[in-house]
Every structure is written in structure tokens, then in C-alpha cells.
Amino acid sequence: MKTGHTLKVTLLLFIFAFGTYQTSIAQNKVITLSKVPASPEEFIQMRNNLARTPEGGAAMFIAALINLGKNEKLGMQCLTIGIDQSQVMKGNVYRGYKPRSNVMYHINRLKRGGVRGNFWGYAAKAYLKGATHKNGYTPSKPYQVVTSRNKYSGSEAKGRVKVFVDVAGFRARPVTLKRNDKGIWKAYEFSSMFLDVPKPGKKTDDL
């Protein structure tokens, strides 16, 4: 009788664990960027379509970072548009606003390191599927952003969710997003997204 009870409990635990695993896997999402926006207007149009989910908001944040490597002015405009209102202040970047000093700290820190344009030219692309330092961070198009959640990611119903974005050669990096009054998800906490990645072609220790 005891053996049968133990077997039943073990089976229930296995079913629960398997169900939890399946739920976790189901939360993985791939967001496709058909292109990198070439203007603030294009960015807004794409954002209004994609950023209806936290994962889409994270992908738009990455699109803004990619633009920093192509055109700093455009990249800053997209960044201002793509981040939560609590992270912007009065300024002259886009429609009377600019990123707050805590955001600019990370951008200026990278500039002081002498990697201003070069860094964003490759680092932001490390968040795209198929990009690695070995292939010079040149993923295939259309670009894809692979995201996931865990049990601590929060609830969409509460308007705040943390998603994890795959990055070449590292653990997935977190970005927390908030939903605004128009139902658009914008990046709220994203300091981990400013961490460095190996330069293109640089050999790394895989052990």
C-alpha cells in the first residue's frame, strides 16, 4: 500500500514538473524584424505593430540600438521613442524629449572607452539570431530576436514584464518592459543590454 502511494506521488510530481517545463518552453518567442527603421516615423509605425507584447517591445529596443551604430542621431531618436516615459526627460532629441541621465551614463561610458560607433555597429547585432563574433555579427535577414521568460518575469496584467533576450556567447540578458496607456510595451530597465560582447573575429575561451 505504501509502495503504491509512493508511486502515485512520484507520478504526480513528474506530471507537474513536465507541465511546468512545457509551460516554460511555450513562453519562448521569436520576434522578426522585417527591417531596421530608417526614420523615427518608420520606427513608430513598426513599434505600434510589434510592441503590443513585451517581446515585441524588447525587439524594438534592439532596433534602436542597431540604429545607434548606423546613425547616432537616428539611434538616439529611436531610443527616446522606444523607452518608458520614466526614462526620458525634457530635451532636444525627439519632440522635446531625450533619454534621462541614467540612460546616457551607459552610452557615454561606451563613448569614453573609444568604441563609440564601432561598438554599436556590431554589439547590438549580437542580439540577433545567427550573429556571432566569428561571422562578424552578420545574421541572415529578416532579423530575428529570440526571447524567453521565467517564473519571475511578472504579469502582463500588471503591465510590467521582464523578458530575456538571447545574445551570442552569453546567457540571455534581461530587459524589463512596461505597458503604456496606449497598450505599447516600452523598455524600462535595460542596463544589462549595454554590456559588452567580443569584438568581431576575436577568439574567446570556450571552457
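All of these numbers come straight from a predicted model, not from anything done at the bench.
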If you define the side chain from C-beta out and look only at heavy atoms, does anything of Val165 sit under 4.5 Å from Phe61? no
Can you check whether Ser34's main-chain N or O pairs, donor with acceptor, with Thr32's side chain at less than 3.5 Å? no
Salt bridge check, Glu189 against Lys162: does any charged N sit closer than 4.0 Å to a carboxylate O? no
Is there a side-chain contact between Met46 and Met60 in this structure, where contact means two heavy atoms from C-beta onward sitting under 4.5 Å apart? yes
With distance as the sole test, does Ser153 use its side chain to make a donor-acceptor pair with the main-chain N or O of Val161 at under 3.5 Å? no
Stepwise side chain to side chain contact (heavy atoms under 4.5 Å, CB included) test for Met76 and Leu68: CA-CA 7 Å; Met76 289 299 298; Leu68 276 175; 3.9 Å; yes
Assess the side chains of Asn180 and Gln85: does a donor N or O sit below 3.5 Å from an acceptor N or O? no
Taking the side chain as everything from C-beta on, heavy atoms only, tell me whether Asn71 gets closer than 4.5 Å to Asn67. no
Taking the side chain from Asn135 and the backbone from Thr132, do they hold a donor-acceptor pair closer than 3.5 Å? yes
CD of Gln87 to CG of Leu79, rounded to nearest 0.5 Å, is 10.0 Å
Tell me, with the steps shown, if Leu33 and Gln144 meet side chain to side chain contact (heavy atoms under 4.5 Å, CB included). CA-CA 6 Å; Leu33 295 172; Gln144 292 184 312; over 6 Å; no
Would you confirm whether Tyr137, through its side chain, and Ala124, through its main-chain N or O, come within 3.5 Å as a donor-acceptor pair? no
When every non-hydrogen atom of Pro37 is compared with those of Ala63, the smallest separation belongs to CD-CB, 4.2 Å
In terms of hydrophobic clustering (I, L, V, M, F, W, Y; side-chain heavy atoms under 4.5 Å; direct or indirect links), are Met89 and Ile107 co-clustered? no
Value rounded to 0.5 Å, distance of CD1 in Ile31 from OG1 in Thr53: 5.0 Å
Locate the shortest heavy-atom distance separating Ala168 from Ala131; write the atom from each residue and the value. CB-O, 3.0 Å
List the residues meeting ring pair (Phe, Tyr, Trp, His ring centres under 6.0 Å) with Phe43, not counting sequence neighbours, and say none if there are none. none
Heavy-atom neighbours of Tyr97 OH exceed 12 at 6.0 Å: no
Nearest non-hydrogen partners of Tyr143 and Ser140, listed with the distance: CD2-O, 3.7 Å
Do other residues, nucleotides or ligands put more than 12 heavy atoms under 6.0 Å from the CG atom of Asn92? no
Distance check, rounded to the nearest 0.5 Å: Ile62 atom CD1 versus Cys78 atom SG? 13.5 Å
Is NZ or CZ of Arg173 both nearer than 6.0 Å to the six-membered ring centre of Phe170 and within 45° of the ring axis? yes
Any side-chain heavy-atom pair of Leu74 and Pro40 under 4.5 Å: yes
Quick check: do Val145 and Leu128 have side-chain heavy atoms less than 4.5 Å from each other? yes
Can a donor-acceptor pair be found, under 3.5 Å and without considering hydrogens, that links the side chain of Asn108 to the backbone of Met104? yes
How many angstroms lie between atom CZ of Phe164 and atom CZ of Arg171, to the nearest 0.5 angstrom? 10.5 Å
Can you see which heavy atom on Val197 is nearest to which on Ala123, and at what distance? CG2-CA, 3.8 Å
May I ask you to test the Leu177-Phe190 pair for a side-chain heavy-atom distance under 4.5 Å? no
Does NZ or CZ of Lys178 fall inside the cone over Tyr188's six-membered ring, less than 6.0 Å from its centre and within 45° of the axis? yes
Linked, directly or transitively: Leu50 and Val36 (ILVMFWY side chains, under 4.5 Å): yes
Minimum side-chain heavy-atom gap Ser148-Val163 below 4.5 Å: no
Partners passing side-chain hydrogen bond (donor to acceptor under 3.5 Å, both in side chains) against Asp166 (at least two apart in sequence or in another chain): none
Count the heavy atoms belonging to other residues, nucleotides or ligands that lie under 6.0 Å from NZ of Lys186, then report whether that count exceeds 12. yes
With heavy-atom distances below 4.5 Å as the criterion, would you say the side chains of Leu195 and Val167 are in contact? no
Would a single hydrophobic cluster contain both Ile184 and Ile44, if residues Ile, Leu, Val, Met, Phe, Trp and Tyr are joined by side-chain heavy-atom contacts under 4.5 Å? no
Kindly say whether Ala38 contributes a backbone atom to a donor-acceptor pair with the side chain of Glu42 at under 3.5 angstrom? yes
Could you tell me whether Glu156 and Arg149 have a side-chain N and a carboxylate O separated by less than 4.0 Å? yes
For Val88, which of Ile83, Val93, Ile81, Val103 qualifies under side chain to side chain contact (heavy atoms under 4.5 Å, CB included)? Ile83
